[in-house]
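Scroll down for the structure; my scribbles are underneath it.
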Amino acid sequence: MQVEQERHIKTAVKCEGISKTFETKRGKTYVIEEVSLEVIENEFVVLFGPGQCGKTTLLNILAGLIPPTKGMVVVNGKPVISPGPERGFVFQSVSLFPWLTVMGNVEYGPKVRGIDKETRQKKAQYYIDLVGLKGFENAYPNQLSGGMKQRVGIARAYCNEPVVMFLDEPFGALDAQTRYLMQEELIRIWETEKRTVLFVTNNIEEAVYLADRIILLTNSPVRIKKEFVIDLPRPRDYTSEDFLLLRNTITKMMDKTL
Amino acid sequence: MIVNKRVQSSAAAAVSIFMFLLIWHLATRFSELGNILPSPIEVLTAFFVGFVVPVGTHTMFVHIVWSLSRVIPFYILGSAVGIVLGITMGWYPKAEAVFRPIFEIIRPIPPLAWIPISIVWFGIGEGSKWFLIFLAAFITVTMNVYTGAKVVDPVIVRCARMLGANERQIFTTIVLPSSVPFIFAGLQVGLSSSWATVVAAEMIRSSEGVGWIIISSLDVNDTVQTLIGIVGIGTVGYVLAIIIRGIESKLCKWNKRGI
Amino acid sequence: MKKGMKNLLLSTGSLTVFLLLWWICTDILEIVSPRTLPSPLKVFTTFIDKLTNKNPDGGTLIMHTLSSLRIALLGYGMGIFFGIPLGILMAWYSIVDLFVRPLFDLLKPIPGVAWVPLMIILFGIGLLSKATVIFISAIVPCVLNAYTGIKQTKDVHIWVAKTLGATNTQMLFKIAIPTSLPYIMTGMRVALGQAWVTIVAAELLASTIGLGFMIQQSRGMYRPDIIIVGMLTIGFLGSFLTYLLGLLEKAVVKGWHT
Amino acid sequence: MQNRDNIKIKVSNLTKKFGDLLVLDNVSFEVRNREFLCVVGPTGCGKTTFLNTLTKLYEPTSGEILVNNEPVDLKRHNISYIFQEESTMPWLTVEKNVSFSLEIKRKTRAEIKKSVEEVLEMVGLTKFRHYYPNELSSSMLQRVVIARAFVTKPELLLMDEPYGQLDIELRFKLEDELLRIWKQTGTTVVFITHNIEEAVYLSERILVLSLKPSKVKKELVNHLPRPRNIIDKDFVTLRNQVTELIKWW
């Protein structure tokens, strides 16, 4: 019975034996080795690991931005070979289109996919309101703060109606307090507009606060070290007893890079 | 606080220009410099008088219009071709491989060095001047836009791809807009290069235009005419630059960094 | 590096096609009369011959080149010698900025070539008048770029120095000038270009020797081959001098990620 | 027992206005000799203005700042300031970046050589002395800046959220290193940050600022024994206490 029940829960992202090696002048560097993982629909999974240990490379492979040297990725039942609109991506440096207003940025996805002006602007307005930027539709990126730029990045990815959202350390450049705010905002948005999320970070507090499941990665080469199911009730409290305990055990398990 | 900063700097500007003119005036009045260099008052009056009384064959205004009529159309044509070639060379490696070698031979040759061959090819009339102006604008604009199109931010391109843009859309919605600041930089430099070229071409062979004013003053050894020619060239050059900067600040609001 | 090779092949290919086309139109099919466009072969032979042959314009290619270089580099040297310090002073001391800059802004829009007639009246058509014109056209970019360079000095560097008790001159020499070095180098490169353009213009208008004189003279004598030889020499020398400046810049400006 | 002579800094009624925008509103506090004071405030509480005005980089609108009972003077007082913004000099090698401080203070060649050697050793940059900043990672750059600040053996060290952008493992390491160096050199440290956990971990005393125009909202003494553990009971209670004073999100 258990297996039966398993099947009707749809798998959103699945990858088998993913490896990645880069050819450099000084010979081959093994960045990722034999990573296999499965993410079920509407699950918030955090890829957590020390420093720059190739987490971003793994995320780029899962999103189809760069090809793996070995192994295969399946998203939403279809093999991933190139970037595609069913996978939304928020980059670490956000990189909005500087010449487009907030509205222009958010509606860019539907626009290039040929959706008519009226429907796409209505949808874009919905997501702009969802991320709390009502009233900033005509602002240009160079007029926005760091936190606001992140919100536009998230709205832009959502507006493309992706099945899976990939976020690569989006709050890395924010100060500690704005970061807490953005983490709470992200969870609020995720709970209103459920999507499968793959979130990369090297901040343990952020990982424990956001994740349904944390995949702890080793240092380079990247391998899966351990998986932690986080079943703390939401909204989570950064200074609660079990939050701190969980955070401490994962930090201890983490590879030391220095 | 800011307002009086601007008032302060323009007041200082007025003072320093006045001092400069005063020194110039006193030098021409009380030293032997006076007999080869006219005093500023003479020059300024002659300049304004020149708009009514003809300088040589035409009034100052007509000379300026003649020069502008040569510069504007072929500056625009040269810039347009420059923008197209610059972006294609910058974004498509194959186009770069084909056009770059020939362009690299032509680029270092200053437009003025083309004067003799352009007269051989297009005669001494307007044709050679048009060709030179086209060339001046074309070379500088292509160079600036080419460097711009080559430094399109790869992360932004990846963003667009992730959102589902195809190659053609990447070109039109990402490469073109992000090259706009470089296009304006090119237009600005191209303008000063074209303006210098028309002045030089008119000095070599012409019967009207601001270049003619200053070269013909040589035959009559009339330094007042030379100086009003220089003042005319300077003011028109300055006004043209302001116009381009004005267009840029309107079209390019998103790019605070504007040159 | 396969792609690099392909592009290299494409470049040499397009160059040879260009030369072939030129050669066919002139020598083979004679679509274009040699009086308007000489064939590449003719240009090459004239180049070799002109190296030693004085006529028709009374000077070998080398004599013309040396004369042009001498005057250009003299005016250029003066332009740098006065321009760079003036630009630095204007940017660092607001008094100098307030009073000198307006005069400088008057000078800026006037192309170097426009000064030729005035200088001929004042100093005749000899070396002095040409060198002065070149000096004026070279000083403008030097001042502008040195000025912009100093203004790029980062506040945080100034604060670091101030906290250590640095004097104003220490801050100028130890922070402002090093920051502006790459910009000063750009200024020198632009000034070199201006100087080279202006010497050609001055020689076209009034001179008895120099590359500008040579191409102007050979037009009168219906020798387009010499004109093209002169143009290619001017072009080559221009880029060669810029190349030398590039080497100097690499040696002087260390550590900047250009 | 506040005896007069062991007060390193005494700030009274410090106010700072940019035009009519009031940023610092009548701030008064004291810092004892060799003390590790943490200043923490909500995002946008003008913390950079706070430190810049303290050192007269920004001219204070009113109020008085005394270091060793004399008005603060950057030319006489031996102060080092680590800014939030990356402040290594791209045109200098690591070694030259570090010796920059001593060259400004016109120390002798030998003296510079010795101190630079020592401090490079302390932050583990000896191997990288000839590198240029554009060849180093952001954590290495942070160490160059710290070395440059400590090479002058400052009597007062100001730090503006120096570890804000580093990942957690590195931040813990650099914080412990800072505590070790602070103990070893006996300088007085004023460390300003947005990160409340960091403030509780490092400080002997915490100054809590309010939102702009910022005032001193509260002073808390931090009795936690060292080395501190971020998940132990009292640590968390103090952290929550400070968070309540600041929480705007």
Side-chain angles (χ1 to χ4, degrees), chain B residues 8-10 12-17 19-20 36-37 93-94 96-102 104-117 119-121 192-193 195-197 199-200 203-204 210-211 214-215 217-218 221 223 226-227 229-231 233-241, chain C residues 3 6-15 18 35-37 95 97-103 105-118 120-122 193 196-198 200-201 204-206 211-212 215-219 222 224 227-228 230-232 234-239 242:
Chain B
Q8 187 199 4
S9 65
S10 44
V15 164
S16 72
I17 292 171
M19 286 302 294
F20 170 70
I36 49 166
L37 204 60
K94 284 207 181 38
E96 178 183 25
V98 169
F99 293 109
R100 181 94 196 264
I102 305 159
E104 279 309 325
I105 298 171
I106 297 168
R107 187 177 58 80
I109 303 171
L112 308 185
W114 290 83
I115 290 179
I117 200 76
I119 292 175
V120 167
W121 288 346
S192 57
S193 169
W195 182 241
T197 308
V199 168
M203 287 204 294
I204 297 293
V210 288
I214 52 176
I215 200 69
S217 69
L218 256 180
N221 220 331
T223 44
T226 328
L227 284 169
I230 288 177
V231 169
I233 291 168
T235 12
V236 172
Y238 181 69
V239 165
L240 290 175
Chain C
K3 197 161 173 308
K6 210 144 55 69
N7 284 345
L8 197 63
L9 232 64
L10 217 54
S11 305
T12 36
S14 79
L15 206 58
F18 173 74
R35 286 164 64 95
T36 44
L37 184 61
I95 304 294
D97 191 3
L98 274 178
F99 289 104
V100 174
R101 210 148 91 86
L103 297 181
D105 288 342
L106 283 181
L107 196 65
K108 205 164 56 165
I110 300 164
V113 75
W115 294 102
V116 171
L118 181 66
I120 289 173
I121 294 180
L122 294 178
W196 197 236
V197 166
T198 316
V200 171
L204 280 172
L205 285 166
L211 291 170
I215 56 177
Q216 180 70 334
Q217 204 60 20
S218 42
R219 183 183 62 73
Y222 300 103
I227 296 178
I228 294 187
M231 284 165 64
L232 291 176
I234 292 167
F236 170 73
L237 281 172
S239 37
T242 314

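As a basis for the values below, the full set of heavy atoms in this structure was taken, side chains included, without hydrogen atoms, waters or symmetry mates. Throughout, a chain's letter reflects where its sequence line sits, starting with A, and its residues are numbered from 1. The structure presented is a predicted model; accordingly, all values stated were derived computationally and were not measured.
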Looking at [X] and [Y], what are the two nearest heavy atoms and their distance?
X	Y	answer
B:Trp121	C:Thr36	NE1-O, 2.9 Å
C:Met231	B:Ala113	CG-O, 3.3 Å
C:Pro117	B:Leu218	O-CD2, 4.0 Å
C:Ala201	B:Leu112	CB-CD1, 3.3 Å
C:Arg219	B:Val120	CG-CG2, 3.8 Å

Can you confirm whether [X] sits close enough to [Y] that some side-chain heavy atom of one is under 4.5 Å from a side-chain heavy atom of the other?
X	Y	answer
B:Lys94	C:Leu10	yes
B:Ser16	C:Val100	no
B:Pro101	C:Ser14	yes

Separation between [atom1] of [X] and [atom2] of [Y], rounded to the nearest 0.5 Å:
X	Y	atom1	atom2	result
C:Leu106	B:Tyr238	CG	OH	9.0 Å
C:Ile215	B:Ile117	CD1	CD1	9.0 Å
C:Trp115	B:Ile233	CH2	CD1	9.5 Å
B:Ser10	C:Leu98	OG	CG	10.0 Å
C:Leu205	B:Ile115	CG	CD1	7.5 Å
B:Trp195	C:Ile110	CH2	CD1	11.5 Å

Flag, side chain of C:Ser11 to backbone of B:Ala97, donor-acceptor distance under 3.5 Å: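 Yes, C:Ser11 side chain to B:Ala97 backbone: donor-acceptor pair under 3.5 Å.
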At a 4.5 Å cut-off on heavy atoms, which part of [X] comes close to chain B: side chain, backbone, both, or neither?
X	answer
C:Phe99	both
C:Leu8	neither
C:Arg101	neither
C:Leu118	both

Largest heavy-atom contact set with chain B, pairs under 4.5 Å, which of C:Ile234, C:Asp97, C:Ile121, C:Leu37: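 Counting heavy-atom pairs under 4.5 Å, the top option is C:Ile121.
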Residue among C:Leu237, C:Leu204, C:Val200, C:Leu122 with most heavy-atom pairs under 4.5 Å to chain B: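 Most pairs with chain B among the choices: C:Leu204.
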Between [options], the one whose heavy-atom pairs under 4.5 Å with chain C are most numerous:
options	result
B:Ile102, B:Val199, B:Asn221	B:Ile102
B:Ile36, B:Ile230, B:Thr226	B:Ile230
B:Ala13, B:Ser192, B:Pro93	B:Ala13
B:Ala196, B:Pro116, B:Ser217, B:Gly229	B:Pro116
B:Ala14, B:Gly234, B:Gly237, B:Pro111	B:Gly234

Contacting region of B:Val15 [heavy-atom separation from chain C under 4.5 Å]: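 Contact with chain C is through the side chain of B:Val15 alone.
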B:Leu227 portion near chain C, given a 4.5 angstrom heavy-atom threshold: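 Side chain only.
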Trace of the side chain to side chain contact (heavy atoms under 4.5 Å, CB included) decision for B:Ile105 with C:Leu232: CA-CA 8 Å; B:Ile105 298 171; C:Leu232 291 176; 4.1 Å; yes
